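For clarity, every value in this text was computed on a predicted model and none was experimentally measured. Each chain gets a letter, A, B and so on, in the order its sequence line appears, and its residues count up from 1.
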2 protein chains.
Amino acid sequence: MGNKKKAVTIHDLAEELNVSPSTVSRALNDHSSIGKQTKNAVRKLAEARGYRPNAIASSLRTNRSNTFGIMAPWINRPFISSLISGAEEAARESGNRVIISQSYDNRELEKENLQVLYDSRISALIVSLAMETTDYSHFGLFAKNGIPVVFVDRFPARNDIHKVHINNFSAAFEATEHLIGQGCRRIAHIGGGRHQGIYEDRWSGYIAALKKNNLLVDESLILQATSLSAEEGMRLTEQLLDNAHPPDGIFCANDTTGVSAIRCAKSRGIKIPEELAIIGFNDDPICEIIDPPLSSVHHPAIEMGKAAVRQALAILQGNLETESESSVTLDTYVVARASSDRKMDSALTAGIVTLEEENVPDNSSAGKKKK
Amino acid sequence: MGNKKKAVTIHDLAEELNVSPSTVSRALNDHSSIGKQTKNAVRKLAEARGYRPNAIASSLRTNRSNTFGIMAPWINRPFISSLISGAEEAARESGNRVIISQSYDNRELEKENLQVLYDSRISALIVSLAMETTDYSHFGLFAKNGIPVVFVDRFPARNDIHKVHINNFSAAFEATEHLIGQGCRRIAHIGGGRHQGIYEDRWSGYIAALKKNNLLVDESLILQATSLSAEEGMRLTEQLLDNAHPPDGIFCANDTTGVSAIRCAKSRGIKIPEELAIIGFNDDPICEIIDPPLSSVHHPAIEMGKAAVRQALAILQGNLETESESSVTLDTYVVARASSDRKMDSALTAGIVTLEEENVPDNSSAGKKKK
DNA sequence: AGACACCTCACAATCGATTGCGCCATTATT
DNA sequence: AATAATGGCGCAATCGATTGTGAGGTGTCT
């Protein structure tokens with residue numbers, strides 16, 4: 001079959017029905033000024049000829065691409081891929097498409113790929129920043145052209161942005177207090193680079209919990225990772241356990257390093273959670289696979305993706321002040337598993353302790369940044 | 001700032017330079033018929049005004065959207081998200097964008113979302129079929145309009161398609177022979193629905209390995225899962241272990257069920273791999289997390305994504321007969337870990353045994369379907 | 001019957017970039 | 001010196017859908 005024949009257009013339908021293309025267009029869009037018989041005839045023929053609207057032509061004319069762009073560091077990480085999954089679903093349900101792009105945590109690539117997304121005239125952009133990024137000038141392209149940008153997870157330390165996030169401070173605070181509640185008194189922290197706000201907040205939530213409970217803040221127990229990789233987690237845990245006064249609890253800024261901490265401790269014959277309690281962050285699938293199962297802070301990835309799309313839609317519909325900030329804060333909760341739960345009979349199914357957050361509703365909300 | 005101002009177009013640049021839009025267009029595209037001075041002037045002004053081409057307008061005129069569509073069951077599974085990651089990279093490097101869509105393993109949703117992708121006039125489609133899908137008529141839309149479709153992983157049982165895949169038969173054959181090499185004599189199989197070719201091939205590879213080694217094919221040790229979920233894996237493993245003559249090895253069609261098999265066996269006090277050797281499929285990250293680490297068949301997810309894009313590009317450039325079949329087969333290998341390696345000192349770092357496949361090159365190849 | 005109001009639909013411009021064709025002005029050719 | 005051969009650029013159509021404006025026909029009301 002020579003199948004390079006061109007796709008059916010409204011002109012084809014118009015010609016066959018002896019009406020004008022505008023009538024076909026209006027009939028298909030159920031415009032009020034078209035008669036019922038004409039509408040039916042047009043629809044019937046469209047169906048018969050397998051007509052499908054050309055979204056490109058429509059976008060050009062209406063200046064609305066109905067396409068969201070997503071820029072993330074890596075799309076094959078559990079947290080991000082789930083976020084994208086949620087965003088895709090919310091976008092589809094609202095008649096939008098999703099273009100993806102990854103920065104590999106590299107600012108240059110982030111910048112280049114943002115240009116491409118802009119060239120596609122995306123309706124809105126959803127971004128999780130590259131680890132490297134501390135200069136946000138490359139987002140000016142979108143701001144200057146009135147294209148909404150919604151940050152998720154990793155966002156700039158500024159007030160005039162839209163974002164969907166969790167309260168990293170209180171999440172970290174609760175994770176740390178969870179360890180304290182288990183009897184830990186020397187709690188270490190393996191954190192991420194503090195130039196990224198989320199890691200700074202997790203660090204300060206940890207500090208705040210220690211202080212509130214009158215525990216010593218020992219700088220030698222606070223380590224800063226650059227990539228939060230498995231290898232780094234292993235190395236940093238070694239360092240902690242080599243400490244003259246080793247910790248009895250570790251709060252890790254992600255699950256990858258949390259798993260490394262468990263493995264490292266196990267290899268030294270340290271009993272978990274009796275001698276060392278460990279909690280991670282994200283609630284990745286590996287938490288349930290590792291032995292003992294890793295406690296973690298549940299990070300609502302899919303919901304974040306959906307919320308980001310909903311927020312972008314709200315901005316586009318003018319329901320939100322485009323000019324000002326707006327932020328949606330989603331709930332997190334500590335998932336206590338055997339790696340930290342000293343009261344739990346680990347032979348039983350892992351129980352789930354949900355610590356409510358004092359925060360914000362589910363769907364949307366406008367919050368003020370602290371300070 | 002009232003920032004709803006319209007984006008800069010070639011008309012704006014043309015007016016400012018007192019040349020025609022066509023000259024601007026040709027200058028930016030380095031057309032030979034434009035003078036050097038004019039080119040420089042145009043480029044300089046474009047830079048200064050922050051001009052960025054409108055990809056939508058360009059697509060409409062040239063009839064090339066430079067966009068690939070990806071349809072997958074779930075984008076937040078390790079294998080798929082890695083595949084997408086590879087596809088995104090290869091697409092970007094060739095100047096293309098990527099639109100994603102998920103079917104949630106539901107044929108109806110798959111069909112609806114394929115329409116949306118078609119409406120976007122994607123240049124080519126990359127698909128991993130929904131588990132449910134056995135009727136492929138909804139792909140006719142693309143075939144009729146000359147849009148290349150490349151199947152990855154799960155593909156239709158037909159000859160006239162393009163696909164990127166692994167040799168599931170030989171991969172399963174090798175996985176099974178690996179267990180046999182470890183001394184297993186009663187090997188069970190937890191497989192997927194055989195209406196999906198890949199699971200049928202894994203099953204037949206397993207059977208072939210048993211027969212070649214003169215082992216009994218016991219139907220009571222061959223179970224067919226519908227979702228290959230963790231719960232299902234648990235249930236089916238229970239069933240195997242309750243067998244009057246329980247197996248001494250299990251070959252699972254994915255890692256999720258492989259992990260379940262390990263857990264189930266451990267909960268019964270069965271020694272792994274001494275009493276029961278287990279191997280999964282995919283080489284997901286969880287394989288290295290579970291204790292003991294799960295042996296698996298390495299599935300080159302990122303490479304499959306890249307290969308799919310490359311194949312689509314080749315078709316678009318006419319380097320491949322669009323009319324006929326074409327398939328790229330990628331290499332797999334068995335990753336032996338402690339869950340099956342009876343010779344390995346499990347106290348040491350997990351060794352990696354690579355069994356070479358007798359198959360095909362890396363980049364591309366045209367293979368003939370068997371039968 | 002005349003005037004007005006609808007109801008239906010066609011015309012033509014438009015979105016921004018691309019491209020075949022042709023025009024004008026140099027420069028080369030004989 | 002007249003003509004041919006370029007080089008450099010503009011004109012206008014085009015891609016497919018949308019939409020403001022207005023035209024033709026029918027019906028209603030007084």
Side-chain angles (χ1 to χ4, degrees), chain A residues 4-43 45-46 49-67 95 118-123 145-146, chain B residues 4-43 45-46 49-67 95 118-123 145-146:
Chain A
K4 292 296 170 60
K5 76 176 176 197
K6 310 192 63 170
V8 183
T9 73
I10 55 172
H11 293 85
D12 299 330
L13 301 181
E15 189 174 11
E16 192 163 348
L17 288 171
N18 283 319
V19 296
S20 76
S22 39
T23 298
V24 175
S25 173
R26 284 193 252 253
L28 293 173
N29 290 319
D30 206 22
H31 192 283
S32 63
S33 80
I34 301 295
K36 196 156 191 178
Q37 303 176 40
T38 311
K39 278 184 185 172
N40 287 334
V42 169
R43 288 172 184 161
L45 187 68
R49 295 287 170 271
Y51 169 79
R52 288 258 93 208
N54 184 325
I56 294 175
S58 175
S59 293
L60 178 60
R61 175 59 224 252
T62 63
N63 202 28
R64 286 183 286 102
S65 67
N66 296 319
T67 302
Y118 173 76
D119 294 351
S120 300
R121 297 299 188 270
I122 52 174
S123 303
N145 289 90
Chain B
K4 292 295 172 59
K5 75 175 179 200
K6 309 193 64 170
V8 183
T9 72
I10 55 172
H11 292 85
D12 300 329
L13 301 181
E15 190 173 10
E16 193 163 348
L17 287 171
N18 283 319
V19 296
S20 75
S22 37
T23 298
V24 175
S25 172
R26 284 191 256 250
L28 293 172
N29 290 318
D30 206 24
H31 193 282
S32 64
S33 79
I34 301 295
K36 197 158 191 177
Q37 305 175 37
T38 311
K39 278 184 186 172
N40 287 334
V42 170
R43 287 171 186 162
L45 187 68
R49 294 286 171 271
Y51 169 79
R52 289 258 96 209
N54 184 324
I56 294 175
S58 174
S59 293
L60 177 60
R61 176 59 225 250
T62 62
N63 202 29
R64 286 182 287 101
S65 67
N66 296 318
T67 301
Y118 174 76
D119 294 351
S120 301
R121 297 300 188 270
I122 52 174
S123 303
N145 290 90

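Distance from the side chain of B:Thr62 is smallest to C:dT18 among D:dA17, C:dC15, C:dT18. The side chain of B:Arg61 sits closest to C:dG16 out of C:dA10, C:dG16, D:dT18. Residue A:Arg26 has its side chain nearest to C:dA10 when only D:dG10, C:dT18, C:dA10 are considered. Of the candidates D:dG16, D:dC11, C:dA17, C:dA17 carries the atom nearest the B:Ala57 side chain, counting heavy atoms from C-beta on. Here the side chain of A:Thr38 is nearest to one of C:dT19, C:dG16, C:dC9, namely C:dC9.
Closest of all the heavy-atom pairs between A:Pro21 and A:Ile10 is O-CD1, 3.8 Å. Residue B:Pro53 comes nearest to A:Arg121 through the heavy atom pair O-NH1, 3.4 Å, listed as atom of the first residue, atom of the second, then distance.
Judged as a salt bridge (charged side-chain N to carboxylate O under 4.0 Å, His left out), and not counting sequence neighbours, the contacts of A:Arg43 are A:Asp30.
Spacing between atom NZ of A:Lys6 and atom P of D:dA17 amounts to 11 Å, rounded to whole angstrom units. Atom pair B:Gln37:CD and C:dT26:C1' shows a separation of 14 Å (rounding to whole Å applied). Rounded to an integer number of Å, the gap from NE2 of B:His31 to P of D:dC9 is 12 Å. A:Ile34 places its CD1 atom 14 Å from the P atom of D:dG20, with the value rounded to the nearest Å. The nearest whole Å value for the distance from the CD1 atom in A:Ile56 to the P atom in D:dA17 is 11 Å. One can place CG of B:Leu28 at 13 Å from P of D:dC9, the figure rounded to the nearest angstrom. Remark: P of D:dA17 and CG of B:Asp119 are 10 Å apart, rounded to the nearest angstrom. Here D:dA17 presents its C1' atom at 7 Å from OH of A:Tyr51, a figure rounded to the nearest Å.
Nucleic acid contact for A:Ser33: base, since at least one base atom lies under 4.0 Å from a heavy atom of the residue.
Proximity of a side-chain donor or acceptor of A:Lys39 to a complementary backbone N or O of A:Arg26 within less than 3.5 Å is not detected. A donor-acceptor contact shorter than 3.5 Å is absent between the side chain of B:Ser120 and the backbone of B:Ile122. Put simply, the side chain of A:Asn54 gets close to the backbone of A:Ile56: a donor and an acceptor are under 3.5 Å apart. Panel note: side chain A:Asn40, backbone A:Gln37; no donor-acceptor pair is recorded below 3.5 Å. In this structure, B:Ser59 contributes its side chain and B:Ala55 its backbone to a donor-acceptor pair below 3.5 Å.
Of the residues in residues 8-21 of chain A, those lying under 4.0 Å from DNA chain D by heavy-atom distance are A:Thr9, A:Ile10, A:His11.
Rounding to the nearest 0.5 Å places OG of A:Ser58 at 7.0 Å from CG of A:Asn66.
Closest-nucleotide positions on DNA chain D for B:Val24 and B:Arg121 were compared, and the one nearer the 5' end corresponds to B:Val24.
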**Message:** Pair B:Ile34, B:Thr23 - check side-chain contact (heavy atoms from CB on, under 4.5 Å), show working.
**Reply:** CA-CA 7 Å; B:Ile34 301 295; B:Thr23 298; 3.9 Å; yes
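When the C1' atoms of four end pairs are superposed on the next four at each end of the helix from C:dA1-D:dT30 to C:dT30-D:dA1, using five pairs per end, the two resulting axes differ in direction by 50°, to 10°.
Residue B:Asn54 places none of its side-chain N or O atoms closer than 4.0 Å to OP1 or OP2 of C:dC15. The side chain of B:Ser25 contributes no N or O atom lying less than 4.0 Å from OP1 or OP2 of C:dA17.
Residue B:Ser22 places a side-chain atom within donor-acceptor reach of the base of D:dC11, judged by atom type and a 3.5 Å distance cut-off alone.
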